[in-house]
Amino acid sequence: VRLTTADAQRMQHADTPFAPFAGESTLAWIEHVNRFEPEGQRDSCAMHDPLAVAVVTRPELVTFVDAHVSIVTGDGQARGVMITDLLRTDDAPPANCRVATKVDASAFTDHFLTLVGGL
């Protein structure tokens, strides 16, 4: 999910104490990250953490699937790598968690802007 310059400008023009500050800060952040983003993702910023927080109270924003997740431990180049098995084979390990595989980006953005716009 990405927040666009237009989204930030919407926050910036809200008639509340916090939203304009959030909009100005977001515009500054977008300007900063534009230097590092691929061509198709400029003029926006990623919303990883806000999406994760929103899903706690609005799980319908994402589609979950059962999965088996393990982390490579020990020494070596792969140390700390997460391996996810989406259980699509006959010999798949048992599920040990649920992972989000899809997101309703527009519903999240509307939810986020509504919440921030009220602050």
Side-chain angles (χ1 to χ4, degrees):
V1 176
R2 302 190 68 83
L3 201 64
T4 66
T5 297
D7 297 327
Q9 289 169 339
R10 178 176 157 191
M11 290 187 295
Q12 191 177 29
H13 292 99
D15 188 25
T16 61
F18 177 76
F21 169 76
E24 290 173 31
S25 298
T26 302
L27 288 170
W29 181 247
I30 289 171
E31 184 179 323
H32 172 74
V33 297
N34 272 344
R35 297 179 293 160
F36 310 105
E37 296 290 350
E39 186 64 38
Q41 294 182 353
R42 293 189 181 152
D43 198 38
S44 64
C45 61
M47 297 293 288
H48 306 299
D49 294 345
L51 175 62
V53 171
V55 169
V56 172
T57 59
R58 301 276 308 272
E60 70 275 7
L61 291 171
V62 298
T63 301
F64 288 102
V65 298
D66 290 336
H68 181 91
V69 174
S70 59
I71 307 297
V72 176
T73 60
D75 296 328
Q77 248 182 333
R79 186 185 72 181
V81 170
M82 180 176 70
I83 300 172
T84 304
D85 188 324
L86 296 178
L87 314 178
R88 295 183 178 152
T89 62
D90 292 336
D91 62 342
N96 62 1
C97 68
R98 299 181 75 214
V99 296
T101 57
K102 295 179 185 176
V103 62
D104 185 340
S106 63
F108 165 77
T109 302
D110 289 344
H111 177 63
F112 179 83
L113 293 174
T114 298
L115 291 176
V116 172
L119 300 174

With the side chain counted from C-beta on, respond yes when Thr101 and Val99 share a heavy-atom pair under 4.5 Å apart, and no when they do not.
-> yes

Mind listing the closest non-hydrogen atom pair of [X] and [Y] along with its distance?
{"X": "Met82", "Y": "Thr84", "result": "CE-OG1, 3.9 Å"}
{"X": "Pro93", "Y": "Leu87", "result": "O-CD2, 3.1 Å"}
{"X": "Asp85", "Y": "Arg88", "result": "OD1-N, 4.2 Å"}
{"X": "Ser44", "Y": "Val33", "result": "O-CG2, 3.8 Å"}

Grouping ILVMFWY residues whenever side-chain heavy atoms fall under 4.5 Å, the cluster of Ile30 otherwise contains none

Less than 3.5 Å apart, which donor and acceptor atoms pair up between the side chains of residues 8-22 and the rest of the protein, not counting sequence neighbours?
| residue | atom | partner | partner atom | Å |
| --- | --- | --- | --- | --- |
| His13 | ND1 | Gln9 | O | 2.7 |
| Thr16 | OG1 | Gly117 | O | 3.4 |
| Thr16 | OG1 | Leu119 | O | 2.6 |

Side chains of Ser106 and Asp104, donor plus acceptor under 3.5 Å = yes

How many angstroms lie between CG in Asp7 and CZ in Phe112, if you round to the nearest 0.5 Å?
-> 9.0 Å

Spell out, as yes or no, whether a donor-acceptor pair under 3.5 Å connects the side chain of Arg35 to the backbone of His32.
-> yes

Show every donor-acceptor pair shorter than 3.5 Å between a side-chain atom in residues 48-72 and any protein atom, with sequence neighbours excluded, or say none if there are none.
| residue | atom | partner | partner atom | Å |
| --- | --- | --- | --- | --- |
| Thr57 | OG1 | Ala54 | O | 3.3 |
| Arg58 | NE | Glu60 | OE2 | 2.6 |
| Arg58 | NH1 | His111 | ND1 | 2.7 |
| His68 | ND1 | Pro94 | O | 2.7 |

